[in-house]
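Below is one structure, written out as structure tokens; the observations come after it.
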2 protein chains.
Amino acid sequence: MSLAYPLSNHRRQRPAGVLTDALERLGTRMTYDRNEEIYAQDDEVQLLFQVVRGVVRTSRVTSDGRRQVGDFYYPGDLFGLEPGPLHRFGAEALADCEVLVVRRGAVRAFAGDVELDRAILAATNQEMERLQDHVVMLGRRSARERVGAFLMAVAQRQSGACNLPMGRQDMADYLGLTIETVSRMLTQLQGEAIVEFPSTRSFQIRKPMVLEELAA
Amino acid sequence: MSLAYPLSNHRRQRPAGVLTDALERLGTRMTYDRNEEIYAQDDEVQLLFQVVRGVVRTSRVTSDGRRQVGDFYYPGDLFGLEPGPLHRFGAEALADCEVLVVRRGAVRAFAGDVELDRAILAATNQEMERLQDHVVMLGRRSARERVGAFLMAVAQRQSGACNLPMGRQDMADYLGLTIETVSRMLTQLQGEAIVEFPSTRSFQIRKPMVLEELAA
DNA sequence: CGAGGGATTGATACGTCTCAAAGCATGTGG
DNA sequence: CCACATGCTTTGAGACGTATCAATCCCTCG
């Protein structure tokens with residue numbers, strides 16, 4: 001079950017399944033309900049996580065209540081890797097989900113395991129790439145382009161009809177827009193028959209070339 | 001000569017001077033003229049850099065010519081660390097500057113050197129923090145807030161009168177704004193006596209509390 | 001003194017946000 | 001099985017913030 005990173009590109013792949021074995025031995029499985037917090041913003045970084053089932057979102061809320069979503073994580077993805085001692089973004093379950101939780105100490109004790117080291121390095125690098133792309137997107141692209149790129153990214157690894165695991169508000173907070181603007185752009189893209197929404201949570205790309213162009 | 005990271009915060013410190021010794025032995029010094037390219041976007045990552053004198057900027061230009069500045073690097077800062085095999089941002093000298101250039105191979109051969117490893121890790125983590133902050137700034141803050149935060153960050157490690165090593169266009173491209181908007185915000189902040197510009201390249205903070213509030 | 005590049009200012013257009021209402025799903029209890 | 005309540009999404013009208021285009025200003029340097 002290989003779902004896509006938002007804004008993923010060709011370079012972006014998840015660590016191989018072999019990793020799961022190592023983590024599985026080290027960690028414990030936890031389940032979270034929809035919107036349940038997995039860790040809070042400003043919590044100490046003590047654990048490493050891997051999505052088993054469902055989707056996880058990271059987000060940061062500013063002192064005056066504005067929210068920025070950092071990213072969405074799908075089955076197989078590692079998350080909770082952060083540069084400092086504190087989580088600068090919190091993590092919440094988007095939908096009910098299952099997560100493998102590993103103590104950092106256990107990971108360190110296991111250091112030297114080539115696969116695991118490599119997987120963590122790869123995940124960190126991915127994280128950084130994503131952030132770089134995110135900066136360019138938020139700094140220099142229009143609402144239409146952001147929404148187009150987002151759909152493109154979600155579709156990247158799904159064939160045919162795509163599922164949208166997150167609601168409009170989450171898309172908006174990821175894209176640095178309001179929910180209304182996201183909605184309008186979706187309607188607009190659908191009006192131009194670039195993309196089609198059979199329901200609010202699923203879509204299909206109708207004009208890949210046009211969308212590609214938009215997302216470029 | 002300790003200048004600040006834009007958007008830097010308390011956690012953000014440069015690797016200690018001892019590092020310079022290790023790199024100094026491994027690398028060679030290069031000088032670059034104002035606006036000279038140090039490496040290009042999409043170049044292979046083969047070298048590691050440290051600013052010795054002057055200021056360096058990284059930037060990415062999209063296919064249709066829009067530019068996003070990634071960050072500014074000051075003396076002591078390591079740059080050129082990237083998540084993948086290619087530079088996703090190019091690097092240019094902001095003003096004439098001197099840079100220590102080290103082949104990656106040399107760094108790897110030197111691996112195990114505790115100071116060096118630690119410095120590279122620290123620089124990578126810093127990079128990621130910066131990116132996270134940048135995302136929130138671009139996603140959720142107004143022009144006024146962005147400009148305020150920028151000045152705050154530049155001032156962070158300078159006392160009294162602050163120097164602005166970059167021009168308005170660079171500020172704009174870093175903040176995801178146009179040059180005119182940056183200019184207007186600066187005029188506005190100066191009009192409110194929050195900050196004062198004796199010349200276009202230097203300023204002094206007059207109401208730190210207000211600016212702090214704005215940048216929060 | 002004049003030329004050139006950056007910075008500022010002004011007028012206006014445009015894009016996105018805000019506020020408000022209506023539409024549409026989903027789930028619950030009668 | 002329907003009626004309704006709830007939360008999410010869409011749509012609309014208008015306000016606001018930032019971009020655009022153009023002119024002027026200012027400083028530096030020749």
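Letters A, B, ... are given to chains in the order of the sequence lines, protein chains preceding strands, and every chain is numbered from 1. Every heavy atom of this structure was used, including side-chain atoms; hydrogens, water molecules and symmetry mates were not. The structure displayed is predicted, hence computed values, not measured ones.
- Salt-bridge check for B:R60 with A:D133: passed, with a basic side-chain N closer than 4.0 Å to an acidic carboxylate O.
- Atom CZ in B:R168 sits roughly 13 Å away from atom C1' in D:dC27 (whole-Å rounding).
- Regarding B:D173, its CG atom lies at a distance of 12 Å from the P atom of C:dA7, rounded to whole Å.
- You'll find that the side chain of A:R184 is closest to D:dG12, out of D:dT9, D:dT18, D:dG12.
- Rounded to whole Å, the distance from CZ on A:R141 to P on D:dA19 is 17 Å.
- Using cut-offs of 30° and 60° on the angle between ring planes, the pair A:F150 and A:F72 is perpendicular.
- Here A:T187 lies in heavy-atom contact (under 4.0 Å) with sugar-phosphate atoms only.
- Candidate nucleotides C:dT8, C:dT16, D:dA19 were compared by shortest atom distance to the side chain of B:T181, and D:dA19 ranks first.
- To the nearest angstrom, C1' of C:dT16 lies 15 Å from CG of A:L138.
- Across all strands, A:S142 comes closer than 4.0 Å only to sugar-phosphate atoms, never to a base (heavy-atom distances).
- Here the nucleotide nearest the side chain of A:I179, chosen from C:dT8, D:dT9, D:dA19, is D:dT9.
- The side chain of B:S183 sits closest to C:dT8 out of C:dT8, D:dT9, C:dC17.
- Atom pair A:R201:CZ and C:dC24:P shows a separation of 18 Å (rounding to whole Å applied).
- Contact annotation: side chain of B:E180 to base of D:dC21, donor-acceptor pair present below 3.5 Å.
- Comparing A:F197 and A:R140 by the nucleotide of DNA chain D whose heavy atom lies nearest to each, the residue mapping closer to the 5' end is A:F197.
- The nearest whole Å value for the distance from the CE atom in B:M171 to the P atom in C:dA7 is 10 Å.
- The distance between atom CZ of A:R146 and atom C1' of C:dC17, rounded to the nearest whole Å, is 13 Å.
- The interatomic distance linking A:Q188 (CD) with C:dC14 (P) rounds to 15 Å, in whole Å.
- Contact check on A:D170 versus A:R168 returns no salt bridge, with no Lys/Arg side-chain nitrogen under 4.0 Å from an Asp/Glu carboxylate oxygen.
- Using a 4.0 Å cut-off between charged side-chain N and carboxylate O, B:D71 and B:R57 make no salt bridge.
- Environment of CZ in B:R34: sparse, with no more than 12 heavy atoms of neighbouring residues, nucleotides or ligands closer than 6.0 Å.
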